[in-house]
Number of protein chains: 2
Amino acid sequence: MDLEKSISTLNNPVRRQILEWLKDRSNFPPALPGHEDLEGVCVAYIQEKAKLSQSTISNYMGLLKQAGFVIAERHGQWTFYRRDENSIQAFVTAVQNELLKP
Amino acid sequence: MDLEKSISTLNNPVRRQILEWLKDRSNFPPALPGHEDLEGVCVAYIQEKAKLSQSTISNYMGLLKQAGFVIAERHGQWTFYRRDENSIQAFVTAVQNELLKP
DNA sequence: TCCATAAATCGAAATATCTCGATATCAATG
DNA sequence: CATTGATATCGAGATATTTCGATTTATGGA
């Protein structure tokens, strides 16, 4: 848990929005045939919703992954991203511990 | 509660450190004669501990104040800063609500 | 009123972040 | 193995943040 990296990753409204969207698969188009059973959302769907360039979103997802907020899983040519709830919970706890008085 | 501004204010290790220091008055030199009853710590003390320039610390304290993390109270030529525990708690709650799944 | 001290504001240089288009990589398929 | 489609990486321009020293403002005291 690198608090520094986590905070700077969250210091961007689009990245926070992506984490929000990823709470619910139904924020994105239905899975393509053959992907129905896979968890997570591919980059193209996230890009479409965020309306930023492909490279920017790929970069953002890399940052979210490095910070531990999402898990990436490659299946064929697609990378599926999903939230890492445990890691997100750990961050929230760390923020509490750092900010709130003993 | 402007989450945007709060997060960007916390996106700096020195500002977070200052909030940490302000948890306990005894992290700073004893109050000057006549200031014993006043809550909070003056800018000069914070500057001394942070080892950054006076203007930088004044700026940081302004940001922390705008974000609602500290309360400033002027007494004579000194400005005393102290944590705003309610506001800090509100921020932590907002982070929880934004990040954790329903 | 003049001076000294504390803090705030200003202007600027160095560094970091954002965001893009172009290019590279990697996997599937004919 | 050449092509296509998905994603990752690269290089760069625009913008934002960090941090400073210099200046300004506010206050209290001689």
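Values in this document were obtained by computation on a predicted structure and should not be read as measured data. Throughout, protein chains are lettered first and strands after them, A, B, ... in sequence-line order, and every chain is numbered starting at 1.
Atom pair A/Ile46:CD1 and C/dT19:P shows a separation of 16 Å (rounding to whole Å applied). The distance between atom CD of B/Gln66 and atom P of C/dA8, rounded to the nearest whole Å, is 12 Å. Atom-to-atom, NZ of A/Lys65 to C1' of D/dT7 comes out at 12 Å; the value is rounded to the nearest Å. To the nearest angstrom, P of D/dA8 lies 13 Å from CD of A/Glu73. The interatomic distance linking A/Gln47 (CD) with D/dA8 (P) rounds to 12 Å, in whole Å. The nearest whole Å value for the distance from the CD atom in B/Glu48 to the P atom in C/dA7 is 12 Å. For the pair A/Ile7 CD1 and C/dT17 P, the computed distance is 13 Å after rounding to whole Å.
When the side-chain nitrogen and oxygen atoms of A/Tyr81 are compared with OP1 and OP2 of D/dA8, one or more of them lie within a distance under 4.0 Å.
DNA chain C lies under 4.0 Å from at least one heavy atom of each of the following residues of residues 18-45 of chain B: B/Cys42, B/Val43, B/Ala44.
B/Leu38 has its side chain out of reach of B/Trp78: every pair of non-hydrogen atoms, C-beta onward, lies at least 4.5 Å apart. Within the 4.5 Å cutoff, no side-chain heavy atoms of A/Thr9 are placed close to those of A/Gln66. In this structure, A/Val14 and A/Tyr60 have side chains that are in contact, with non-hydrogen atoms separated by less than 4.5 Å. You'll find the side chain of A/His35 reaches within 4.5 Å of the side chain of A/Phe80, heavy atoms only. With contacts defined as side-chain heavy-atom distances shorter than 4.5 Å, the pair B/Ile18/B/Met61 qualifies.
A donor-acceptor contact closer than 3.5 angstrom links the side chains of B/Thr56 and B/Ser53.
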Discussion item. Let's go through A/Glu4 and B/Arg16 carefully: what are the C-alpha distance in whole Å and the side-chain angles of both, what is the deciding distance for salt bridge (Lys or Arg N to Asp or Glu O under 4.0 Å) to 0.1 Å, and is it a yes or a no?
Written reply: CA-CA 10 Å; A/Glu4 192 63 33; B/Arg16 290 202 305 279; 2.5 Å; yes
Discussion item. What verdict does the side-chain contact (heavy atoms from CB on, under 4.5 Å) test give for A/Glu39 and A/Glu73, after you've listed the backbone C-alpha separation in whole Å, the side-chain angles of each residue and the deciding distance to 0.1 Å?
Written reply: CA-CA 9 Å; A/Glu39 268 189 280; A/Glu73 217 167 293; over 6 Å; no
Discussion item. Protein within reach of the bases, or only the backbone? For nucleotides 17-30 of chain D, mark each nucleotide 5' to 3' as B, S or -, using heavy atoms under 4.0 Å.
Written reply: -SBBBB----BS--
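In B/Lys49, the NZ atom is crowded: over 12 heavy atoms of neighbouring residues, nucleotides or ligands sit closer than 6.0 Å.
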